[in-house]
There are 2 protein chains.
Amino acid sequence: MSTMGTPTDSTGKSLTDYPRPSVAVDVAVLTVDEVLKVLVVERPDGSYALPGTFLHPGERLADAATRALRDKAGLTDVVFHQLAMLDDPERDDRGWVLSMAHSAAVPAADIPADAQLVPVTETADLAFDHADIVRFAVDDLRRRCAAEVDPGGFAGESFTVLDLRTLYEVIYDRSYPKDTFRRHLLHGLEPTGELRREGTGRPAEIYRRRAAPLPSSTAAFLLQ
Amino acid sequence: MSTMGTPTDSTGKSLTDYPRPSVAVDVAVLTVDEVLKVLVVERPDGSYALPGTFLHPGERLADAATRALRDKAGLTDVVFHQLAMLDDPERDDRGWVLSMAHSAAVPAADIPADAQLVPVTETADLAFDHADIVRFAVDDLRRRCAAEVDPGGFAGESFTVLDLRTLYEVIYDRSYPKDTFRRHLLHGLEPTGELRREGTGRPAEIYRRRAAPLPSSTAAFLLQ
DNA sequence: CTAATAGTGTCTCTGAGACACTATTTG
DNA sequence: CAAATAGTGTCTCAGAGACACTATTAG
């Protein structure tokens, strides 16, 4: 790096002398719809990829990601995070393109009806290295769900413990004993005082998420 | 994104029509030398920054980081990881420069004698947003040290439990009870069978790290 | 009543944490 | 012997996990 305010790096070479990579952003939008799925968009050649775009001049990565989600997938107000920078020089046939991978978790209800969702287990033929991004995103989601109750809001504003357990069993692809699950996850919930009566059986209490992070013992329980 | 093999994006605009950012890498090299410190290099204007460099054409980020560590800090064979992409368009006076922040942990003994180390608590006047990178790196180090015994090898090949406890007390900036610390960390250690006699008192057993990851209960203990 | 689902009392067993003890050295 | 440091036996208490029980509904 060099003296601030001068257009040279520490070797005296002008910054503009370096050929520069294109920089892209890609977002793995995860949702739960029976199984864990990821949103994909069709490309001109008929293949599928995660929604993404090139970074515009002076634009921030987060703004580019927001733009990609809006323009390619019709999604707004999505919270996302950086995952990793993908930098294989051969990853894009069109040239030297780095991509900042992001992940987001969006309730199925908030995803436009015409969007295409594929199970995260069936991403082998996504374009570029996007199957890798999906793997990163699933790992990231599991870590987040172990630290906080349903950070993506998959279960909506309020829900029963059974709703939540069913959700977590999908996300972690395993089952949990109902009593231990309840006692663990209650630490991150607060009762609304309402009940859900549905079919036969005792009505279920309805909870909402508490801001508090889950204790690390809960993370240990969820992650096995 | 666009059809593979064609030089246009989905709007039909050529890739080369977009002005592109410069991409840099910066590495926060952490070490423990009485306190937790980070390696800095002096810049031509006399200010200090983390070692970094611009990405060369077709180069991978990891290779650029390796090059920066070798050329700017005289370090080789360092293991590092991506932390985050810093993308404030105003972060570098010289123009539009994105930087991939990395972290590494290196034993003090492996750092060249002429390198400059500053405590991680005194990074406020580093150039650019490098103080932010140091914060990310310290958080990252603490997470890694809770998942595995001394992943940076700060304590060397072999060490006593007291060595390790002293090290962890520096990294986490707190103290730990000796018996509980011992019982927890022993899960990630294997005895060498050797003893260290030093001054008065019973000789200490010497251990080395085991490959096994620490149980999550140990992470909970270390992180409070 | 039965069937069905929600939620909890409670037992057991593990293990964290704390204290104080034993073990092994030097002088 | 005393002083110093390393390591452990053990007690207590909290809590995870499992089982079976109670609670509350529909029919």
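Chain letters run A, B, ... following the sequence lines, proteins first, then strands; residues in each count from 1.
Salt bridge absent: E169(B) and R174(B) never bring a charged side-chain N and a carboxylate O closer than 4.0 Å. Ion pairing between a basic and an acidic side chain is recognised when a charged N comes within 4.0 Å of a carboxylate O; D132(A) and R135(A) show such pairing. For E59(A) and R67(A), the salt-bridge test passes: some basic side-chain N is under 4.0 Å from an acidic carboxylate O. Between R182(A) and D179(A), none of the side-chain N atoms (NZ, or NE/NH1/NH2) sits under 4.0 Å from a carboxylate O, so this pair counts as no salt bridge.
The stretch residues 210-218 of chain A has no heavy atom under 4.0 angstrom from DNA chain C at all.
The CZ-C1' distance, from F181(B) to dG7(D), rounds to 15 Å in whole Å. Taking atom CD of E194(A) as the reference point, atom C1' of dA6(C) lies 17 Å away to the nearest angstrom. What separates CZ of R182(B) from C1' of dA23(C) is a distance of 12 Å, to the nearest Å. Rounded to a whole Å, the CD atom of E198(B) is 13 Å from the P atom of dG27(C). In this structure, R196(A) atom CZ and dG7(C) atom C1' are separated by 16 Å, rounded to whole Å. If you measure from atom CG of L185(A) to atom C1' of dG7(C), you get 15 Å, rounded to the nearest angstrom. For the pair L186(A) CG and dA16(D) P, the interatomic distance rounds to 12 Å; values are reported in whole Å.
A donor-acceptor pair under 3.5 Å links the side-chain atoms of H130(A) to the main chain of L50(A), judged by distance alone. The main-chain N or O of R60(A) is never found under 3.5 Å from a side-chain atom of D87(B) such that the two would form a donor-acceptor pair.
Residue order along DNA chain D, read from the 5' end via each residue's closest nucleotide, puts V161(B) first among H187(A) and V161(B).
Tested against L36(B) for a side chain to side chain contact (heavy atoms under 4.5 Å, CB included), the candidates L141(B), V134(B), T121(B), L117(B) yield a single pass: L141(B). Only one option out of D139(B), D26(B), D140(B) pairs with S103(B) in a side-chain hydrogen bond (donor to acceptor under 3.5 Å, both in side chains); it is D140(B).
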Sequence-aligned protein contact record of nucleotides 17-27 of chain D, with B where the base is within under 4.0 Å of a protein heavy atom and S where only the sugar-phosphate is
BBB---BBBS-

Only distances under 3.5 Å count here; give the side-chain donor-acceptor pairs of residues 146-161 of chain A to other protein atoms, sequence neighbours excluded, each with its distance to 0.1 Å.
residue, atom, partner, partner atom, Å
D150(A), OD1, G153(A), N, 3.3
D150(A), OD1, F154(A), N, 3.0
D150(A), OD2, F154(A), N, 3.0
D150(A), OD2, A155(A), N, 2.8
T160(A), OG1, L162(A), N, 3.4
T160(A), OG1, D163(A), N, 3.0
T160(A), OG1, D163(A), OD1, 3.4
T160(A), OG1, D163(A), OD2, 3.2

